[in-house]
2 protein chains.
Amino acid sequence: MQDQSEVSPCLALDAATPEVLGDDVIERLRAIAVQHGAVAAGTRIFRAGEPFRAIYGVRIGAIKAIRYDGTGEEQVVAFHLPGEFFGLTGIHSDHYVNTTVALERTAVCGLPYQRLFHVANEHPRLRRQLMRLMSGVILTEQDQYAAMAGHTADARLAFLLLDLRERMSRGGAPQDRLRLPMTRAELGSSAGLAPETTSRVFQQFRRRELIEASGRNIRFLDLAGLRRLAVPLTHPGHGTGRTTAA
Amino acid sequence: MQDQSEVSPCLALDAATPEVLGDDVIERLRAIAVQHGAVAAGTRIFRAGEPFRAIYGVRIGAIKAIRYDGTGEEQVVAFHLPGEFFGLTGIHSDHYVNTTVALERTAVCGLPYQRLFHVANEHPRLRRQLMRLMSGVILTEQDQYAAMAGHTADARLAFLLLDLRERMSRGGAPQDRLRLPMTRAELGSSAGLAPETTSRVFQQFRRRELIEASGRNIRFLDLAGLRRLAVPLTHPGHGTGRTTAA
DNA sequence: CAACCTTTTTGACCTGGATCATAAAAGCGT
DNA sequence: ACGCTTTTATGATCCAGGTCAAAAAGGTTG
């Protein structure tokens, strides 16, 4: 189950796909998917304002979605990890609204929206899955918002780390270690914090022995402690899958 | 065009509906829509954790979507105004994740999701519109997030006021006046600010003669000034409709 | 209209995090 | 391995905004 990124990278529409969608649909999707080769860190996938053509899935690597805030300052809106989709806001606007950039060596695949829509026209299962996918993105976005608004730097970063941990370990990765694909500055920006603050909070976490961190390599020492710190997302009911969007 | 809230309240799927969807679809939707009578301020529409049944549209009034943050403190996640839909996150989770409460005398209508989906099965137009709707919600959510993260109280509230103004005037309402349906505390909470701060910023806006405000009644005196203050949402390309979600 | 309760405003104070500055590490390309 | 650039860490300072407290408006209900 760990070769997920090899087998049906783009097709992991919201985690539980193979069984849910059926082989025929998977085949159709595979046919329309545009597999892009791996690109180097710093490569832009698309730029805000470009006409919307396709939604993208991350196969390997990581993506940041950014906006340029007035002064030209870069503001990170979201990160996208393997198995997640981005560019979805283009559906509404006919243009991409964020610029997306590879954080490391990254491979994405594109699902041209018109074609995707046509396939969906013939497959109710896929339609339902698409709705679920988008709903999940809204949920993620709201969680993020709720976790940031009116909370301390500690809480925000604890939340972010736990969130990244969970999303990274989706394809069966080690659960106690984590290699961050982004800089402290980028991580901070996504939480509305200055890079210096991010760095200091990391130190604090180390001192408290919540994590071990050398550079971008994190080891979780005390998950319970981190969770206590982080904003508790009181998602009632069951555990659910996750998604993201640009 | 101002009796929109009377004619096809629920059906205004993402603003541009009548022409886009066609009369037959409208008729079908009208048939499945559950029109709820107006409820008093403070009435809960649904509670976090309840099983997901329907998505809701606001006909008249206003809704707040809230979460209870650890300590039991209420945190406002979003406001929903006439013409907007909420409860969409339930699609993914099978449960509502926010609690939604009427802020004033409010009428909503419910679109039972299964039925909605069935109608959509027969109408590609509606499918497309639903995708657009959800994409728009993601966009709104991201805008909000970007506008709040790492910006001053002034900027956040200026943004919020302009946003509310725009959304309120959707059905052809006066563009220079605004009756806020929420308290300062609620407005602040949605921006991650303390009520006192919200109040003080309002005073500051008054002194600067950006707005005139007596209680919940706002008059915009200097839109350009407010916009200069607010976080500029560099949405490239065209102007687009708006939406919201719970 | 009076008593009551909620919301808003204002003041005083204090702290979390931004900012500025600089040093120490890491990466990284050659 | 060696510079060079980018990233991270840490210290000092400052201020926006949170918190506590209390008064002043508003609204609501009997």
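Convention: sequence-line order gives letters A, B, ...; per-chain numbering from 1. Predicted, not measured: the structure shown is a model, and the values here were computed from it.
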For residues B:Phe46 and B:Phe52, establish whether the separation of their ring centroids is below 6.0 Å.
no
What's the separation between atom CZ in A:Phe220 and atom CD1 in A:Ile211, rounded to the nearest 0.5 Å?
7.0 Å
So does B:Arg200 reach the base of D:dT19 with its side chain, donor to acceptor, closer than 3.5 Å?
yes
From CG of A:Leu193 across to P of D:dG17 the rounded distance in Å is 14 Å
Determine the contact category for B:Thr152: base if any of its heavy atoms lies under 4.0 Å from a base atom, sugar-phosphate if only primed atoms, P, OP1 or OP2 are that close, otherwise nothing.
sugar-phosphate
If you look at every strand shown and take non-hydrogen atoms under 4.0 Å, does B:Arg156 touch a base, only sugar-phosphate, or nothing?
nothing
Can you measure from CZ (A:Phe202) to CG (A:Leu187) and round to the nearest 0.5 angstrom?
5.5 Å
Provide, to the nearest angstrom, the distance between the CD atom belonging to A:Glu186 and the C1' atom belonging to D:dT8.
13 Å
Between the CG atom in B:Asp154 and the CZ atom in B:Arg228, the distance rounded to the nearest 0.5 Å is 13.5 Å
Touch class at under 4.0 angstrom, heavy-atom based, for B:Gln203 against every strand present:
sugar-phosphate
Where the side chain of B:Arg184 is concerned, which of C:dT8, D:dT8, D:dG18 is the nearest nucleotide?
C:dT8
How is A:Gly192 classified with respect to the nucleic acid when contacts are heavy atoms under 4.0 Å: base, sugar-phosphate, or nothing?
sugar-phosphate
So what does A:Thr183 touch, heavy atoms closer than 4.0 Å: a base, only the sugar-phosphate, or nothing?
sugar-phosphate
